[in-house]
Number of protein chains: 2
Amino acid sequence: MTENTLTEFDATDFRIMNALVEDGRMSDVMLGERVHLSATAAARRRKLLEEQGAIKGYTAELDLPMLGLGIVVIVAIELRSQADSVLTEFEEAVVRCPSVTFCSFVSGDTDFLMMVHVKSFEDYDRIYRSELATLPHVAKIRSSFVMRRVTQRNVPPAVFARGR
Amino acid sequence: MTENTLTEFDATDFRIMNALVEDGRMSDVMLGERVHLSATAAARRRKLLEEQGAIKGYTAELDLPMLGLGIVVIVAIELRSQADSVLTEFEEAVVRCPSVTFCSFVSGDTDFLMMVHVKSFEDYDRIYRSELATLPHVAKIRSSFVMRRVTQRNVPPAVFARGR
DNA sequence: GATGAAAGCAGTGCCTC
DNA sequence: GAGGCACTGCTTTCATC
């Protein structure tokens with residue numbers, strides 16, 4: 001229930017997390033079979049992981065290209081200043097952009113990195129004008145189009161090496 | 001079952017997808033209430049969306065910081081050449097890196113953009129040496145550390161505007 | 001898209017190790 | 001402290017309309 005108990009997870013916990021990352025709707029019966037536990041024991045551990053916050057929730061994975069959003073653009077944005085109020089105003093505007101799925105303030109060459117999903121290049125042009133170019137305090141926008149996706153995972157495989 | 005039927009989705013389909021993105025383990029009964037359908041009707045539509053591939057699957061969302069992976073690094077990699085064999089060898093090596101959750105071949109300033117999850121800066125140094133620096137044909141690596149996450153969504157909100 | 005019966009599953013308390 | 005079993009009540013599934 002609390003959070004900063006520096007919880008210790010054992011191999012079974014990692015196996016449960018692994019199974020549920022692969023199939024979030026797996027029944028407790030199947031989960032139990034998969035991790036060699038009774039369904040009740042598996043369910044109890046699953047709930048504990050949920051309560052502890054290690055499992056934050058479950059989500060359906062949608063096929064965005066099939067929904068007409070086949071193009072992914074990674075956008076680097078530099079602001080005119082890095083004053084606190086400037087950052088805050090920019091961030092508040094970003095969360096309201098309906099095409100943005102990811103935005104982080106980063107160190108390095110640029111200030112923010114974002115990921116944008118669009119239907120077509122024409123659509124990106126439209127969104128560039130209507131969403132990105134209207135964000136406040138922007139000095140420079142650089143767009144990189146995703147040509148081919150090499151890897152896309154929810155969780156780094158390193159986590160699952162611990163399930164043994 | 002097939003895929004290129006250019007499937008048409010109605011507002012109820014989008015409402016179902018929205019509900020399941022928010023809670024992938026939602027029962028069909030709850031789903032039916034949420035979209036104003038009987039549980040059976042909701043279940044039938046859910047299954048159809050799964051079979052059509054619009055819903056690719058379900059996954060548990062893990063709290064990576066709680067599992068000791070609190071630092072996210074976005075890595076831009078330039079290769080020495082863009083010959084087909086060079087790209088292929090690089091990509092085959094990347095998918096075997098256990099700390100990489102995202103890698104795409106992109107247009108623009110760099111060749112590949114990747115996302116790496118690590119425990120600490122020391123850990124990044126170790127992974128930089130053991131995973132990234134050993135990737136073949138790399139000319140230049142630029143690392144940006146995520147200082148603050150502004151937005152992180154599975155699906156752009158624009159998709160859900162269609163659920164009405 | 002709704003209904004109702006049958007099967008399967010999740011949730012609880014209790015017992016064992 | 002953690003796993004297993006049995007019971008009860010939902011939930012899902014499938015036939016039928």
Side-chain angles (χ1 to χ4, degrees), chain A residues 1-63 66-67 154 159-164, chain B residues 1-2 5-63 66-68 160 162-164:
Chain A
M1 204 210 295
T2 57
E3 40 121 11
N4 262 338
T5 333
L6 203 72
T7 330
E8 220 19 73
F9 302 106
D10 66 13
T12 304
D13 290 323
F14 282 107
R15 270 189 259 121
I16 288 172
M17 290 188 261
N18 192 3
L20 291 172
V21 165
E22 280 177 26
D23 177 8
R25 278 182 84 88
M26 181 177 288
S27 74
D28 290 333
V29 173
M30 279 195 294
L31 186 62
E33 283 168 13
R34 165 99 174 231
V35 304
H36 309 298
L37 242 53
S38 74
T40 3
R44 197 157 40 215
R45 273 175 181 262
R46 171 179 58 73
K47 266 199 197 158
L48 199 60
L49 290 168
E50 291 163 8
E51 283 162 9
Q52 287 170 146
I55 296 175
K56 290 189 291 184
Y58 302 89
T59 185
E61 299 176 289
L62 304 186
D63 187 321
M66 187 174 285
L67 301 179
N154 304 302
V159 169
F160 299 127
R162 298 194 241 168
R164 292 189 227 113
Chain B
M1 204 208 295
T2 58
T5 333
L6 203 72
T7 332
E8 221 17 74
F9 302 105
D10 67 13
T12 303
D13 290 323
F14 282 108
R15 271 189 259 121
I16 287 172
M17 290 188 261
N18 191 3
L20 291 172
V21 165
E22 280 178 25
D23 176 9
R25 280 180 84 88
M26 182 178 288
S27 75
D28 290 332
V29 172
M30 280 195 293
L31 186 61
E33 283 168 12
R34 164 102 174 227
V35 304
H36 309 298
L37 242 54
S38 73
T40 24
R44 195 159 44 219
R45 274 178 181 259
R46 172 178 58 74
K47 268 198 196 157
L48 198 61
L49 290 168
E50 289 163 9
E51 283 162 10
Q52 286 171 147
I55 296 175
K56 291 189 291 185
Y58 302 88
T59 186
E61 299 176 289
L62 304 187
D63 186 322
M66 187 173 287
L67 302 180
F160 299 127
R162 297 193 242 169
R164 293 189 225 113

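Below, chains carry the letters A, B, ... as their sequence lines are ordered, and counting in each starts from 1. The structure presented is a predicted model; accordingly, all values stated were derived computationally and were not measured. When reading the values below, keep in mind they use all heavy atoms of this one structure, side chains included, and skip hydrogens, waters and symmetry mates.
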Would you say B/Arg15's side chain and B/Arg34's backbone share a donor-acceptor pair under 3.5 angstrom?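 Pair absent, no side-chain N/O of B/Arg15 close to backbone of B/Arg34.
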
Of the residues in residues 56-63 of chain B, which ones touch DNA chain C at a heavy-atom distance under 4.0 Å?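 Correct list: empty, so none.
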
Roughly how far, to the nearest 0.5 Å, is the CG atom of B/Leu20 from the OH atom of B/Tyr58?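 Going from OH on B/Tyr58 over to CG on B/Leu20, the span is 4.5 Å.
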
Suppose we screen for salt bridge (Lys or Arg N to Asp or Glu O under 4.0 Å). Which residues come up paired with A/Asp63, at least two apart in sequence or across chains?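 Result, salt bridge (Lys or Arg N to Asp or Glu O under 4.0 Å) vs A/Asp63: none returned.
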
Hey, are the side chains of B/Arg45 and B/Leu37 touching, using non-hydrogen atoms and a 4.5 Å cut-off?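 In short, these two side chains touch, coming nearer than 4.5 Å.
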
Provide the closest heavy-atom pair for A/Phe14 versus A/Arg162 in the form atom of the first, atom of the second, distance.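 Smallest interatomic distance, heavy atoms only, reads CZ-NH1, 3.5 Å.
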
Can you name the nearest heavy-atom pair linking A/Arg25 to B/Arg46, along with the distance?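 Closest heavy-atom pair between A/Arg25 and B/Arg46: NH2-NE, 3.7 Å.
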
Does the distance from a Lys or Arg side-chain N to an Asp or Glu carboxylate O, for B/Lys47 and B/Asp28, drop under 4.0 Å?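 Between B/Asp28 and B/Lys47 there is no salt bridge, as every charged N stays at least 4.0 Å from the carboxylate O atoms.
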
With side chain to side chain contact (heavy atoms under 4.5 Å, CB included) as the criterion, how do B/Phe9 and B/Gln52 come out once you've worked through the C-alpha distance, each side chain's angles and the decisive distance to 0.1 Å? CA-CA 11 Å; B/Phe9 302 105; B/Gln52 286 171 147; 3.5 Å; yes

Proximity to the side chain of B/Leu37 - top-ranked nucleotide from C/dG1, D/dA2, D/dG4: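 Out of C/dG1, D/dA2, D/dG4, the nucleotide with an atom closest to B/Leu37's side chain is C/dG1.
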
Roughly how many Å is it from CG in A/Leu31 to P in D/dG4, rounded to a whole number?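 Spelled out: CG on A/Leu31 to P on D/dG4 is 12 Å.
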
In whole Å, what is the span from the CZ atom of A/Arg45 to the C1' atom of C/dA10?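 Going from A/Arg45 (CZ) to C/dA10 (C1'), I get 19 Å.
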
Protein heavy-atom contacts under 4.0 Å, written 5' to 3' over nucleotides 11-17 of chain D as B (base), S (sugar-phosphate only) or - (none), form the string SSBB---

